[in-house]
Asks: 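Mind looking over this structure? Questions follow.
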Amino acid sequence: MAKTAPEQKAVTLPPAAAAAAAAAASPFEFHVYGPRNLSSTTWRDLLRSSWKNANYRRMVIACFIQGVYLLELDRQEKRDERTGLAPQWWRPFKYRLAQVLVDERDGSVYGAVLEWDRQAALYDYIPFRPTGAPAAVVALRGTLLKAPTFRRDVTDDLRFLAWDSLKGSVRFAGALGALRAAAGRFGGGSVCVGGHSLGAGFALQVGKALAKEGVFVECHVFNPPSVSLAMSLKGFAETAGELWERVRSWIPYYGGSSSQAADAGGGESEEAKATLARAWLPHLYINTNDYICCYYNDAAAGTATVAAEGRDGSASGKAAAAAMRRSGGARVARMLVASKGPTKFLEAHGLEQWWADDVELQVALNHSKLIDRQLRSLYAAPPAAAS
């Protein structure tokens with residue numbers, strides 16, 4: 001019997017059967033690599049929508065982004081629509097692939113637009129979209145260290161490192177165009193953009209670009225890049241500026257017009273921040289053991305942390321109210337930090353932790369200087385108000 005097993009494994013399968021067997025054996029199968037206790041959408045969601053739960057929302061959007069990674073891997077490994085792994089990551093939630101975002105320079109897939117699949121929903125007796133479920137999701141992947149897309153991915157990584165911006169990228173224009181089109185079709189309140197790693201940088205910046213146009217979409221970014229040479233230089237300049245202001249404060253100044261003008265300008269800034277907070281509130285998911293994104297939660301940058309109750313990422317009402325009073329009422333982002341998660345860098349930067357049902361999160365106050373730098377262009381009052 002011990003000799004017959006190898007002989008049976010050596011049997012050559014037809015190409016189609018071999019491809020199916022390879023897909024079935026892949027570690028990226030949804031039922032193998034995906035979330036364990038995340039239920040698919042059913043008619044019960046019409047009575048009590050799972051999308052109202054912040055934890056469920058985070059896990060599903062992370063699954064959608066994983067699907068985009070697999071779209072590119074399916075392309076590289078020449079898996080077709082029947083044997084591809086990517087569709088498994090959105091079909092259980094009744095979504096369909098509406099558009100693939102392709103970098104025409106190398107043919108690589110860097111994003112996708114997923115829309116609510118009404119036909120698949122009707123098949124399972126779901127006549128309409130559950131409350132809170134987005135009509136469309138623009139999902140953007142991060143860097144893949146594989147030859148077919150390595151060059152373009154790393155170029156954008158270096159772009160962010162050097163300039164703290166991704167606006168010069170071809171992919172920025174493509175992602176912004178797709179997000180703008182989805183918002184125009186369904187309305188900003190029914191559209192979500194999400195990304196991981198480099199894709200998180202794109203998601204945050206295209207969401208900000210659309211917010212500047214007055215269109216506010218839901219934004220979820222996982223492990224967004226925070227390491228930037230440009231930002232470090234800005235930080236040095238700001239530190240020097242703060243030291244100079246301290247020196248000036250030691251020198252008596254006679255005449256109050258300058259200080260009064262400064263106070264008035266500060267009031268407008270706070271009012272603009274409060275307006276932004278009500279209009280656009282990106283959600284950032286950070287692991288402090290990931291040095292690519294950990295500076296968003298740098299204690300030296302002025303970020304305070306409030307322990308969250310349970311595992312759904314939401315703080316209690318009293319704690320949140322007290323935190324808001326301490327931060328002056330300004331909310332420019334909602335940052336969730338993994339308090340008990342992977343500690344090794346590669347796992348801490350990975351996407352898998354964000355669809356795990358045992359991750360414990362903390363809600364971090366969003367007056368971090370790093371977030372302030374990322375979103376500063378939104379703080380200015382509109383021209384009409386300024387005049």
Side-chain angles (χ1 to χ4, degrees), residues 30 34-67 89-96 113-118 120-139 179 182-183 186-195 203 207 215-222 277-285 306-321 323-324 331 333-338 351 353-364 366:
F30 182 77
R36 293 289 178 266
N37 299 317
L38 187 60
S39 61
S40 59
T41 304
T42 67
W43 62 268
R44 293 181 178 86
D45 284 284
L46 300 177
L47 304 175
R48 186 177 181 180
S49 176
S50 300
W51 281 94
K52 292 181 179 180
N53 184 288
N55 191 41
Y56 180 89
R57 211 172 182 83
R58 163 182 56 82
M59 296 168 75
V60 174
I61 294 172
C63 287
F64 288 171
I65 298 169
Q66 176 65 20
W89 291 81
W90 57 72
R91 282 178 180 167
F93 312 107
K94 303 299 181 287
Y95 280 80
R96 65 179 182 85
V113 180
L114 303 172
E115 295 181 0
W116 174 255
D117 191 345
R118 186 170 180 272
L122 287 173
Y123 184 81
D124 284 340
Y125 307 104
I126 307 174
F128 51 85
R129 183 161 41 94
T131 303
V137 178
V138 178
L179 186 61
F186 300 105
S190 298
V191 175
C192 174
V193 60
V215 180
F216 307 105
V217 300
E218 189 176 338
C219 180
H220 294 262
V221 291
F222 303 88
R278 291 190 295 269
W280 192 57
L281 187 69
H283 299 70
L284 284 72
Y285 302 89
V306 180
E309 290 187 349
R311 297 179 178 178
D312 61 354
S314 59
S316 65
K318 291 183 179 179
M324 288 297 293
R331 296 185 66 201
R334 185 169 186 266
M335 189 160 62
L336 301 172
V337 181
L351 183 59
Q353 64 185 309
W354 301 115
W355 68 65
D357 56 3
D358 59 348
V359 64
E360 294 187 12
L361 302 177
Q362 290 179 324
V363 178
N366 29 48

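Computed from heavy atoms alone, side chains included, the values below leave out hydrogens, waters and symmetry copies. The structure displayed is predicted, hence computed values, not measured ones.
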Asks: Starting from the C-alpha separation in whole Å, work towards a yes-or-no answer on side-chain contact (heavy atoms from CB on, under 4.5 Å) for Leu179 and Val191.
Replies: CA-CA 8 Å; Leu179 186 61; Val191 175; 3.8 Å; yes
Asks: Hey, are the side chains of Asp124 and Thr42 touching, using non-hydrogen atoms and a 4.5 Å cut-off?
Replies: no
Asks: Please report the shortest heavy-atom distance between Ala136 and Ala182, naming the atom on each side.
Replies: CB-CB, 4.3 Å
Asks: Could you give the distance from CH2 (Trp354) to CD (Gln66), rounded to the nearest 0.5 Å?
Replies: 15.0 Å
Asks: Do you know which two heavy atoms are closest between Pro35 and Trp89, and how far apart they sit?
Replies: CD-CZ3, 4.4 Å
Asks: If you count the non-hydrogen atoms of other residues, nucleotides and ligands that lie under 6.0 Å from CZ in Arg36, is the total more than 12?
Replies: yes
Asks: With heavy-atom distances below 4.5 Å as the criterion, would you say the side chains of Pro134 and Leu114 are in contact?
Replies: no
Asks: If we only count heavy atoms from C-beta on, is the Val137 to Val193 side-chain gap below 4.5 Å?
Replies: no
Asks: Could you walk me through whether Trp280 and Val215 pass the side-chain contact (heavy atoms from CB on, under 4.5 Å) test, one step at a time?
Replies: CA-CA 9 Å; Trp280 192 57; Val215 180; over 6 Å; no
Asks: Identify the two heavy atoms, one from Val221 and one from Ala203, that lie closest to each other, and give their separation to 0.1 Å.
Replies: CG1-CB, 3.7 Å
Asks: What are the two closest heavy atoms between Ala135 and Arg129, and how far apart are they?
Replies: N-NH1, 3.5 Å
Asks: Any idea which heavy atoms bring Pro127 and Leu46 closest together, and the distance?
Replies: CD-CD1, 3.3 Å
Asks: For Glu218, give me all partners under salt bridge (charged side-chain N to carboxylate O under 4.0 Å, His left out), at least two apart in sequence or on another chain.
Replies: Arg57
Asks: Check whether any side-chain heavy atom of Leu351 lies under 4.5 Å from a side-chain heavy atom of Trp355, and answer yes or no.
Replies: yes
Asks: Any side-chain heavy atom of Asp117 sitting closer than 4.5 Å to one from Trp90?
Replies: no
Asks: Could you check if a side-chain atom of Val337 sits within less than 4.5 angstrom of a side-chain atom of Leu361, using non-hydrogen atoms only?
Replies: no
Asks: Please report the interatomic distance NZ(Lys52) to OG1(Thr131), rounded to the nearest 0.5 Å.
Replies: 5.0 Å
Asks: What's the separation between atom CG in Leu284 and atom NE2 in His220, rounded to the nearest 0.5 Å?
Replies: 10.5 Å
Asks: Apply side-chain contact (heavy atoms from CB on, under 4.5 Å) to residues Val363 and Arg334 and explain how you reach the verdict.
Replies: CA-CA 7 Å; Val363 178; Arg334 185 169 186 266; 4.1 Å; yes
Asks: Measure the CZ-CZ distance between Arg118 and Phe128 for me, rounded to the nearest 0.5 Å.
Replies: 11.0 Å
Asks: Are Trp116 and Pro130 side-chain neighbours, meaning at least one heavy-atom pair lies under 4.5 Å?
Replies: yes
Asks: Where does the angle between the aromatic ring planes of Tyr285 and Phe222 fall among parallel (under 30°), tilted (30 to 60°) and perpendicular (over 60°)?
Replies: parallel
Asks: Compare every heavy atom of Val217 with every heavy atom of Ala183, then report the nearest pair and how far apart it is.
Replies: CB-CG1, 4.3 Å
Asks: Under the criterion side-chain contact (heavy atoms from CB on, under 4.5 Å), I'd like the reasoning laid out for Phe30 against Cys63: C-alpha separation, chi angles, the key distance, then a yes or no.
Replies: CA-CA 9 Å; Phe30 182 77; Cys63 287; 4.2 Å; yes
Asks: Please check this pair: side chain of Lys94 against backbone of Ala120, looking for a donor-acceptor N/O pair closer than 3.5 Å.
Replies: no
Asks: Would you indicate whether the side-chain heavy atoms of Tyr56 and Ile61 approach each other to under 4.5 Å?
Replies: no
